[in-house]
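To find a chain, count down the sequence lines: A is the first, B the second, and so on, and within it residues start at 1.
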Amino acid sequence: MLCRRLVLVPRILLLSPGGTLTTPLLSCERSFSGGSDRRKVSSYKDRLSSGIVGIKKDDAVALFQTMVRSRPLPTVIDFNKLFTAVAKTKQYDLVLGLCKQMELNRIALDNYTLSIVINCFCRRRQLGFAFSVMGKTLKLGYEPNTVTFSTLINGLCLQGRVSEAVELVDRMVEMKVIPDLIILNTLVNGLCLRDRLSEAMALIDRMVDIGCQPDAFTYGPVLNRMCKSGNTASALDLFRNVEHRKVKLDVVTYTTVIDSLCKDGSLDDALSLFNEMETKGIKADVFTYTSLIGSCCSFGKWEDGAQLLRDMITRKITPDTVTFNTLIDSFVKVGKLTEAKEWFDEMIKRGIGPDTITYNTLVYGLCMENRLDEANQMLDLMVSKGCDPDIMTFNIIINGYCMAKRVDDGMTLFRKMSMSGVVANTVTYNTLIQGFCESGKLNVAKELFQEMVSQGAHPNIVTYKVLLDGLCDNGELEKALEILDQMHNSKMELDIGVYNIIIHGMCSASKVADAWDLFCSLPLRGVKPDVKTYTIMIGGLCKKGSLSEAGLLFKKMGEDGIAPNDCTYNTLIRAHLRGSEISKSVELIEEMKRCGFSADVSTIKIVMDMLSDGRLDKSFLDMLS
DNA sequence: CTAGGGTTAG
């Protein structure tokens with residue numbers, strides 16, 4: 001069933017079929033208080049047991065201080081409970097800081113605390129520190145257990161170093177620690193993260209062979225990877241298969257597939273899987289609802305999205321920041337800024353804190369409506385609420401300035417941003433380079449491109465497209481062709497968009513013959529012309545006065561299976577009007593109308609001009625509408 | 001206590 005040689009598998013799995021993989025966790029609980037005096041410690045005890053899920057930074061620090069000052073001292077287990085809760089909120093720096101404080105207060109960390117520290121370093125991609133904590137664990141005389149190892153193995157996997165993770169499993173076995181289901185699941189996850197799906201599946205088969213029953217955690221990452229690669233159908237197949245083999249799937253696996261169906265636009269299928277899950281007694285959670293709400297909104301079913309949110313509140317499934325962000329984003333995307341603002345107020349009313357993404361989304365909405373002053377006020381608001389703007393925030397406003405033809409203001413903000421320590425990325429530079437190109441300041445655009453390279457922000461295909469377009473529009477076709485040459489020599493994958501820009505540039509520079517040669521060479525270059533390519537080329541031929549050639553290309557386009565759009569028709573119609581080929585333009589207009597397109601602004605302008613100087617009859621206007 | 005899922009920009 002599988003080819004062992006190709007598959008990365010720890011040695012123990014190849015050597016010990018039929019062996020058991022379960023091992024009890026070592027008990028390392030050590031008490032400082034001896035458990036005698038319970039009265040004085042009740043406040044932090046209550047706090048730890050009454051729920052510290054999703055604990056905020058200030059709360060965590062305050063609770064920690066109370067604990068450190070309590071006499072007798074709380075047990076390490078109590079500290080571990082706090083650290084675990086904080087780690088779950090992904091505040092790894094905070095956990096590390098608190099652990100440091102604990103040491104400074106001469107409270108000994110135990111084996112578990114050290115595992116939590118290792119996990120924090122792993123999550124922060126500081127594997128070196130993680131391994132030295134492992135060394136410290138040994139030096140303190142603790143036996144590393146499966147938790148210590150699984151944490152480190154996960155750290156390696158998160159960095160994409162799966163082979164080393166497998167080696168570590170082998171070393172762990174040498175140290176007489178038997179890999180358990182969690183370790184193997186971690187490896188499966190590591191393989192999935194590197195998109196090595198077939199190896200992951202093979203490892204799962206090996207697990208089954210040696211009697212280690214996979215669970216929802218085993219299949220979760222596999223399903224997720226399939227879904228993220230756009231393969232919902234395969235994921236659904238695997239899902240049904242696993243379900244059929246009586247592996248108990250959980251809310252996460254269901255939600256993974258539900259989300260993928262939502263992303264594919266199969267909202268009905270997603271909803272029926274949601275119902276199926278609930279029927280089986282698996283309760284949907286905030287992730288499930290958030291996916292469904294997002295999908296409803298993308299279909300324009302706002303009331304349904306809002307209703308789902310109300311449902312979840314009724315069912316005591318508390319919506320979080322992401323849930324509101326999803327809803328707010330959907331409203332912003334369709335320009336319903338008022339509704340977005342209402343939901344923003346609602347989330348504040350419910351005590352759910354907006355985050356950078358919430359503010360970015362609202363800033364984006366304001367910028368789209370050219371309300372730049374309000375966007376800047378929103379920026380001030382987020383700063384005043386202690387929510388740090390990130391590169392996305394700045395990119396959105398800079399883009400807003402560029403679209404409002406205020407590239408210089410965009411540049412000022414860019415400099416301010418850099419002073420505040422936020423580092424520009426490729427999108428930032430692309431936006432500004434485009435802004436300068438469109439305002440005709442080609443030299444500034446070129447300088448910025450140089451700055452981008454020297455700052456280590458990698459230009460991508462979009463950067464080049466923006467630059468090529470700018471050069472072509474500003475009469476520097478030769479320079480554009482030089483860059484195109486460089487791009488051919490680089491490893492960059494050129495798409496049809498790049499060629500559309502160049503062909504368009506050639507046509508604008510009245511080099512229609514060159515454009516035609518390039519157009520004809522596209523198949524050789526492995527690039528397929530799209531509707532824009534044909535339209536640009538048709539426009540070029542029209543400009544040259546070769547209406548008949550343009551007509552032939554229009555015909556060929558249809559034969560090549562590319563459907564013309566409104567731009568194609570309007571280009572041809574204008575050319576025929578200019579060439580006084582009235583009857584042909586009437587023919588084209590009727591065909592265009594049959595396709596559901598209509599005359600654009602430029603076409604209407606020509607028609608008006610021709611009506612006023614009498615070259616066209618009034619009946620033409622009726623036919624047009 | 002260690003492994004899998006949902007939101008933003010050119």
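Qualifying salt bridge (Lys or Arg N to Asp or Glu O under 4.0 Å) partners for A:Lys465, counting only residues two or more places apart in sequence or in other chains: A:Asp495.
For B:dA9, the base has a donor-acceptor partner in the side chain of A:Asn395 [N/O atoms by modelled type, under 3.5 angstrom]. Side-chain N/O atoms of A:Thr326 and base N/O atoms of B:dT7 include no donor-acceptor pair closer than 3.5 Å. Between the side chain of A:Ser291 and the base of B:dG6 there is no donor-acceptor pair of N/O atoms closer than 3.5 Å. In the interface, the side chain of A:Thr256 is not paired with the base of B:dG5 through any donor and acceptor atom under 3.5 Å apart. A donor and an acceptor atom sit less than 3.5 Å apart, one in the side chain of A:Asp250 and one in the base of B:dG4. Between the side chain of A:Asp320 and the base of B:dG6, at least one donor-acceptor pair of N or O atoms lies under 3.5 Å.
Within 4.0 Å of A:Lys228, counting heavy atoms only, lie sugar-phosphate atoms of the nucleic acid but no base atom. Using a 4.0 Å heavy-atom cutoff across all strands shown, A:Ala216 reaches at least one base atom of the nucleic acid. Note on A:Ile396: only backbone sugar-phosphate atoms sit closer than 4.0 angstrom, heavy atoms only; bases stay farther off. Counting non-hydrogen atoms under 4.0 angstrom, A:Thr358 reaches nothing in the nucleic acid. At the heavy-atom level, A:Val188 lies nowhere under 4.0 Å from the strands shown. Contact annotation for A:Asp390: no contact, since no heavy-atom pair falls under 4.0 Å across all strands. Residue contacts for A:Thr113: at a heavy-atom cut-off of 4.0 Å it reaches no nucleic acid atom on any strand shown. Residue A:Val286 is classed as a base contact, given a heavy-atom separation below 4.0 Å to a base. Within 4.0 Å (heavy atoms only), A:Phe217 reaches at least one base atom of the nucleic acid. Residue A:Asp329 is in sugar-phosphate contact alone, with no base atom involved, counting any heavy-atom pair closer than 4.0 Å across all strands shown. In this structure, A:Thr356 reaches neither bases nor backbone, as no heavy-atom distance under 4.0 Å exists between it and the strands shown.
Per the geometry, CG belonging to A:Leu249 stands 16 Å off P belonging to B:dG5, to the nearest Å. The distance between atom CG of A:Leu181 and atom C1' of B:dT2, rounded to the nearest whole Å, is 12 Å. Look at CD on A:Gln159: it is 16 Å from C1' on B:dA3, rounded to the nearest Å. Rounding to whole angstrom units, CZ of residue A:Phe331 and P of B:dT8 are separated by 15 Å. The interatomic distance linking A:Leu197 (CG) with B:dG4 (C1') rounds to 13 Å, in whole Å. Distance A:Leu223 CG to B:dG6 C1': 16 Å, rounded to the nearest Å. As a whole-Å value, the separation of A:Arg225 CZ from B:dA3 P is 18 Å. Rounded to whole angstrom, the span from the CE atom of A:Met403 across to the P atom of B:dA9 amounts to 12 Å.
In this model, the phosphate group of B:dG5 is approached by a side-chain N or O of A:Asn224 to a distance below 4.0 Å at OP1 or OP2. Between A:Asn399 and B:dA9 there is no side-chain polar atom (N or O) within less than 4.0 angstrom of OP1 or OP2. One finds a side-chain N or O of A:Lys333 lying less than 4.0 angstrom from the OP1 or OP2 phosphate oxygen of B:dA9. Contact annotation: A:Lys263 does not reach the phosphate of B:dG5 (side-chain N/O to OP1 or OP2, under 4.0 Å).
Inter-residue side-chain proximity for A:Ile317 and A:Asp311 is flagged as unmet; no heavy-atom pair is nearer than 4.5 Å. No side-chain heavy atom of A:Pro179 sits less than 4.5 Å from a side-chain heavy atom of A:Thr146. Annotation: side chain of A:Val76 is not in contact with side chain of A:Leu109 (no heavy-atom distance under 4.5 Å). Residues A:Ile282 and A:Asp250 are not in side-chain contact: their nearest non-hydrogen atoms beyond the backbone lie 4.5 Å or more apart. Counting heavy atoms from C-beta on, the side chains of A:Leu197 and A:Leu191 never come closer than 4.5 Å. Annotation: side chain of A:Asn360 is in contact with side chain of A:Met382 (closest heavy-atom distance under 4.5 Å). You'll find the side chain of A:Thr148 reaches within 4.5 Å of the side chain of A:Asn145, heavy atoms only. Taking 4.5 Å as the limit, every side-chain heavy atom of A:Lys341 sits out of range of all side-chain heavy atoms of A:Phe331.
Side chains of A:Asn119 and A:Asn154: no donor on one and acceptor on the other come within 3.5 Å.
When the nucleotides B:dG6, B:dA9, B:dA3 are ranked by their closest atom to the side chain of A:Val322, B:dG6 comes out on top. With B:dA9, B:dG5, B:dA3 as the candidates, the nucleotide lying closest to the side chain of A:Asp215 is B:dA3. Considering only the side chain of A:Lys88, B:dT2 comes nearest among B:dT2, B:dT8, B:dG4. The side chain of A:Ile357 has B:dT8 as its nearest neighbour among B:dG5, B:dA9, B:dT8. Among the nucleotides B:dG6, B:dT2, B:dG5, the one closest to the side chain of A:Thr151 is B:dT2.
Per the stacking criterion (ring centres < 5.5 Å, plane angle < 30°), A:Phe287 stacks onto the base of B:dG5.
Of the residues in residues 114-127 of chain A, those with a non-hydrogen atom less than 4.0 angstrom from any atom of DNA chain B are A:Asn119, A:Arg123.
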